[in-house]
Participant: 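First the structure, then my questions, so here it is.
Computed from heavy atoms alone, side chains included, the values below leave out hydrogens, waters and symmetry copies. Throughout, a chain's letter reflects where its sequence line sits, starting with A, and its residues are numbered from 1. From a predicted model like this one, the values you see are computed outputs, not experimental measurements.
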Amino acid sequence: MSKKILTVDDSASIRQMVSFTLKKEGYEVIEASDGKDALSKIGPSGVSMVITDLNMPNMNGIELIRALRTNPSYKFTPIVMLTTESHQDKKDSGRQAGATGWIVKPFKPEQLVAVVKRLLG
Amino acid sequence: MDAQKQLYREEAFELLAKLEEALIELEQQPDDLDIVNRIFRAMHTIKGSGAMFGFDDIASFTHTIETAYDLIREEKLFADEELISLTLRSCDQVKAMLDAPEGEEGTDANLIEEITASFKRLISSGQGAAPGQAESCPAYTGGDQEDGLKAEITYRIRFKPHRELFQNGTNPIPLLNEIRALGHAHVICHLKELPGLKELDPEACYTYWDIILTTDKDADAIRDVFIFVEHISEVEVTKIDDYSEIDHEEYKKIGEILFDRGDISLSDLESILGRQKRIGEMLVESGKARRSEVQSALMEQEHVRNLRKKRMGAVSGDSVSSIRVASHKLDSLVNLVGELVTVQARLAQLSAQRNDHDLALVSEEVERLTAELRDNAMGIRMLPIGTTFAKFKRLVRDLSTELGKEVNFTTSGEETELDKTVIDRLGDPLVHLIRNSIDHGIESPEKRAAAGKPAEGTIRLIAEHSGAHVLISVSDDGSGLDTEAIRAKAMEKGIISPDASLSEKEIFELIFAPGFSTAQSVSKVSGRGVGMDVVTSSIESFGGTVEIESAKGKGTTITLKLPLTLAIIDGLLVTISDEYFVMPLNAVVECVELSAEDRRRTHGRNLARVRDEIVPYIPLREVFSLHGDNPAIEQVVVTEIGERRVGFVVDKVVGQHQTVIKNLGKFLRHVEGVSGATIMGDGTVALILDINKLTQQVESAEKYPEVH
């Protein structure tokens with residue numbers, strides 16, 4: 001069974017780019033437009049990895065990461081945050097919330113794949 | 001313009017509209033942080049996606065504006081009228097950039113510069129004395145290595161994660177694999193911090209790793225792998241060898257390495273050095289270093305020594321040149337050594353009988369030398385398998401072009417050594433397997449794309465040691481075996497009956513049946529229905545086995561298990577009456593007793609119950625028509641042939657025996673059930689049993705009994 005990855009971003013183009021790139025690599029991808037949408041779509045388990053943007057309406061990425069980490073099913077799931085902000089504090093608060101890694105936008109498809117492989121194996 | 005770019009443009013226009021709306025709102029309520037956030041998000045998305053879809057101009061332009069709004073968000077800058085109108089003007093510029101046909105500027109460069117400059121001025125006023133510190137620094141830099149030829153450098157990497165490594169979802173295994181992929185690596189895991197089961201927190205990481213890596217990448221590429229775990233682990237990357245140290249081949253002593261790493265102190269080392277044992281052993285015994293630490297150091301030593309030796313070889317190529325020797329000369333050398341081993345065994349027996357001290361001394365010396373000579377002679381016959389691998393690259397290239405498939409062919413374990421005779425006979429079976437992988441396994445690029453796989457298929461050829469065997473596997477990531485199609489075909493060809501119930505494994509094995517082919521159309525390459533059965537029969541002819549694994553849609557792996565050498569085998573020595581026989585030990589599973597009572601209970605059927613399993617047995621005394629009565633308690637040597645277990649009844653099991661194989665000579669060559677002979681220490685001859693043939697013989701005798 002292919003591994004399922006959830007991509008969370010309020011920008012449809014980013015979601016599509018992430019989803020297109022990862023599907024080509026043989027992963028299954030589901031999309032959500034913000035944190036709330038993500039939590040409603042994620043289900044009890046079955047998602048092997050979450051890739052989330054930080055700046056989103058309704059529920060932002062940091063809040064989503066915190067929410068996922070309190071859920072026992074997602075305690076150890078790799079979570080990657082997408083950010084254009086190279087500011088250390090933003091990255092740190094993401095890490096503190098429990099993010100596994102990050103990708104700085106803009107990124108190339110191959111960088112995305114490299115990070116996914118690094119964390120999912 | 002492709003669909004993705006189009007989607008970005010539509011989205012960007014939408015965002016710009018929202019942005020303008022928000023900007024006008026902001027003009028009325030300049031303190032409303034919600035509005036600032038909305039503006040920031042819109043800018044952020046336009047910028048982030050812009051760069052990804054090739055609108056680099058937009059990305060760099062909006063970066064400055066984004067920085068300004070970030071400052072407003074942090075209330076370091078005030079959104080005054082100047083800033084808002086400046087932003088509105090920027091929006092128009094972004095629109096112009098979006099509308100510009102590909103490859104053209106479409107905007108006024110001066111205007112852009114002017115806007116950017118104004119923003120920068122505002123930003124620096126907000127940031128006070130630290131302008132321009134918000135330059136982006138991409139976290140990911142891997143894969144941007146220069147392509148030029150680089151010298152290989154060896155690093156020692158100690159990766160010691162904090163206990164809470166798992167808490168943020170990190171799995172260290174992919175990281176180690178990523179390091180392995182960088183070059184030639186040895187990984188050793190330290191468990192010394194692992195507590196007892198009672199204190200163990202299952203969610204904590206107690207292990208750490210030492211990795212010795214030889215790579216042409218630089219230390220930054222290595223550190224980059226650990227970038228996500230830097231803050232929750234210690235990662236030490238130390239250069240331990242590079243080309244500059246080519247002059248002295250000797251690498252550091254174990255103690256030096258451990259001291260270098262800080263695992264032991266200098267005084268520990270010196271106090272230990274006084275004694276006369278292997279330094280590593282002593283350190284472990286004295287408790288100064290853990291076994292795993294010493295092992296890790298040993299690994300490093302060996303890794304670098306090998307590397308340097310190889311380099312020395314490469315540099316002074318001529319001095320270690322090889323000579324070509326006709327293989328029959330080697331054969332006769334091995335033969336002679338075999339005789340010598342036999343003579344030596346006789347000498348040993350003699351000296352044991354004579355109880356003569358001087359003779360015993362000589363005999364022991366001869367024993368040592370013979371053993372060494374034997375290993376050396378065998379070693380000469382061993383060749384790295386890499387030479388055979390090389391010719392497959394060409395084969396794959398030619399076949400894949402012919403069949404219109406894209407195939408990436410990788411090999412590993414080229415240095416694995418095998419007896420020359422085995423290598424010689426391996427070529428054809430491997431050609432068949434690789435052909436099959438390309439022809440039946442790997443799908444056409446279109447089909448692969450439809451299945452969501454990369455267009456290029458991968459075939460891996462891997463050789464590795466496994467005890468006294470070498471495993472060679474050919475695996476592809478193609479369509480896998482279709483059990484239904486195989487079944488249907490086998491029925492059509494009459495290989496199985498329509499109501500046969502077969503396990504998945506049994507169905508896979510049908511492809512090795514003679515006269516089987518599932519290809520829809522007969523292609524030039526394979527599909528003639530010969531091939532796979534040739535593979536099994538030739539592999540089995542020299543004592544190997546073939547295994548097959550497959551997952552539909554994922555690919556197929558076929559593994560050949562081969563004996564290291566054909567000239568000397570580990571045998572099990574058994575006796576019937578006064579005759580000695582040798583059975584190949586690798587086929588023997590266990591030995592059980594068989595009493596006369598057991599025999600009676602089965603009413604003359606040759607079945608024994610071994611661990612609740614019914615095992616048929618072959619009474620060798622009867623098969624070979626040997627004289628003498630069965631002892632009260634006989635022995636059944638249970639062997640495994642393929643998936644089946646078959647027992648052989650003998651009088652006594654003597655024990656393990658290093659068996660030098662001798663051919664039976666011209667007249668006896670065609671005797672079935674006996675694959676050769678060996679000479680024992682006392683000069684008697686023992687026949688080596690061919691258990692495969694014996695079983696077949698007995699089976700066919702049962703099926704078609706001869707009429708006397």
Side-chain angles (χ1 to χ4, degrees), chain A residues 2 9-14 16-18 20 23-28 49-50 53-57 60 65 68-69 74-80 82-87 90-92 95-112 114-121, chain B residues 3-12 14-15 37-38 40-41 43-53 55-56 59 63 66 70 134-143 166-171 173-175 177-178 181 203 224-225 227-229 231-232 449 451-455 477:
Chain A
S2 64
D9 205 308
D10 53 336
S11 146
S13 61
I14 299 266
Q16 208 185 55
M17 183 257 198
V18 169
F20 178 76
K23 276 181 182 156
K24 220 166 55 181
E25 289 295 315
Y27 297 100
E28 198 182 321
M49 183 175 196
V50 177
D53 192 22
L54 288 186
N55 282 297
M56 290 179 298
N60 70 29
I65 296 170
L68 286 174
R69 284 291 179 237
Y74 290 101
K75 198 169 172 191
F76 301 115
T77 307
I79 303 176
V80 174
L82 297 181
T83 167
T84 39
E85 291 154 286
S86 42
H87 290 159
K90 206 58 192 214
K91 214 152 62 188
D92 284 345
R95 272 177 181 171
Q96 265 155 23
T100 318
W102 62 90
I103 305 175
V104 174
K105 287 196 274 190
F107 57 89
K108 301 248 150 55
E110 49 271 28
Q111 293 174 325
L112 173 70
V115 168
V116 169
K117 291 219 163 122
R118 170 175 301 169
L119 296 176
L120 264 187
Chain B
Q4 292 207 32
K5 273 197 172 168
Q6 189 55 41
L7 187 80
Y8 168 71
R9 284 187 61 216
E10 280 164 20
E11 195 176 70
E14 219 171 277
L15 283 167
N37 266 327
R38 262 160 57 204
F40 179 80
R41 260 205 314 273
M43 273 294 171
H44 165 96
T45 310
I46 294 174
K47 171 195 154 181
S49 319
M52 269 183 270
F53 297 107
F55 293 92
D56 292 327
H63 177 71
E66 195 196 341
D70 197 24
E135 284 310 303
S136 72
C137 56
Y140 185 86
T141 53
F166 302 140
Q167 301 301 326
N168 74 351
T170 304
N171 178 357
I173 305 301
L175 297 181
N177 288 340
E178 200 174 335
E203 294 187 352
D224 190 62
V225 172
I227 192 161
F228 294 152
V229 293
H231 62 297
I232 44 165
K453 296 190 203 178
D477 64 346

Participant: Out of curiosity, B/E178 CD to B/D224 CG, how far, rounded to the nearest 0.5 Å?
Facilitator: 8.0 Å
Participant: Pick one of side chain, backbone, both or neither for B/L175, based on which atoms fall under 4.5 Å of a heavy atom in chain A.
Facilitator: both
Participant: Measure distances from A/L120 to the heavy atoms of chain B and classify the residue's part below 4.5 Å as side chain, backbone, both or neither.
Facilitator: backbone
Participant: Measuring from A/L119:CG to A/M49:CE, what's the distance to the nearest 0.5 Å?
Facilitator: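 Answer for the CG-CE pair, A/L119 versus A/M49, is 4.5 Å.
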Participant: In terms of heavy-atom pairs under 4.5 Å, which option from A/P57, A/G98, A/A99 contacts chain B the most?
Facilitator: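 Answer, by heavy-atom pair count under 4.5 Å with chain B: A/P57.
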Participant: Could you walk me through whether A/D9 and A/S11 satisfy the side chain to side chain donor-acceptor pair (under 3.5 Å) test, starting with their C-alpha distance in whole Å, then the side-chain angles of each, then the deciding distance to 0.1 Å, before giving a yes or no?
Facilitator: CA-CA 5 Å; A/D9 205 308; A/S11 146; 4.5 Å; no
Participant: Does any backbone or side-chain atom of B/E11 lie under 4.5 Å from a heavy atom of chain A? Answer side chain, backbone, both or neither.
Facilitator: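 For B/E11, side-chain heavy atoms alone lie under 4.5 Å from chain A.
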Participant: I need the residue from B/N168, B/L15, B/N171 with the largest number of non-hydrogen atom pairs under 4.5 Å to chain A.
Facilitator: B/N168
Participant: Report which part of A/K23 has an atom under 4.5 Å of a heavy atom belonging to chain B: side chain, backbone, both, or neither.
Facilitator: backbone
Participant: A/A12 versus chain B, heavy atoms under 4.5 Å apart: side chain, backbone, both or neither?
Facilitator: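 Both backbone and side chain of A/A12 come within 4.5 Å of chain B.
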Participant: What distance do B/M43 atom CE and A/N55 atom CG have between them, rounded to the nearest 0.5 Å?
Facilitator: 13.5 Å
Participant: B/F166 and B/T170: which non-hydrogen atoms are nearest, and at how many Å?
Facilitator: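 Taking every non-hydrogen atom into account, CD2-O, 3.5 Å.
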Participant: State the OG1-CZ distance between A/T77 and A/R69, to the nearest 0.5 angstrom.
Facilitator: 6.5 Å
Participant: Need one label for A/Y27: side chain, backbone, both or neither, based on atoms under 4.5 Å from any heavy atom in chain B.
Facilitator: neither
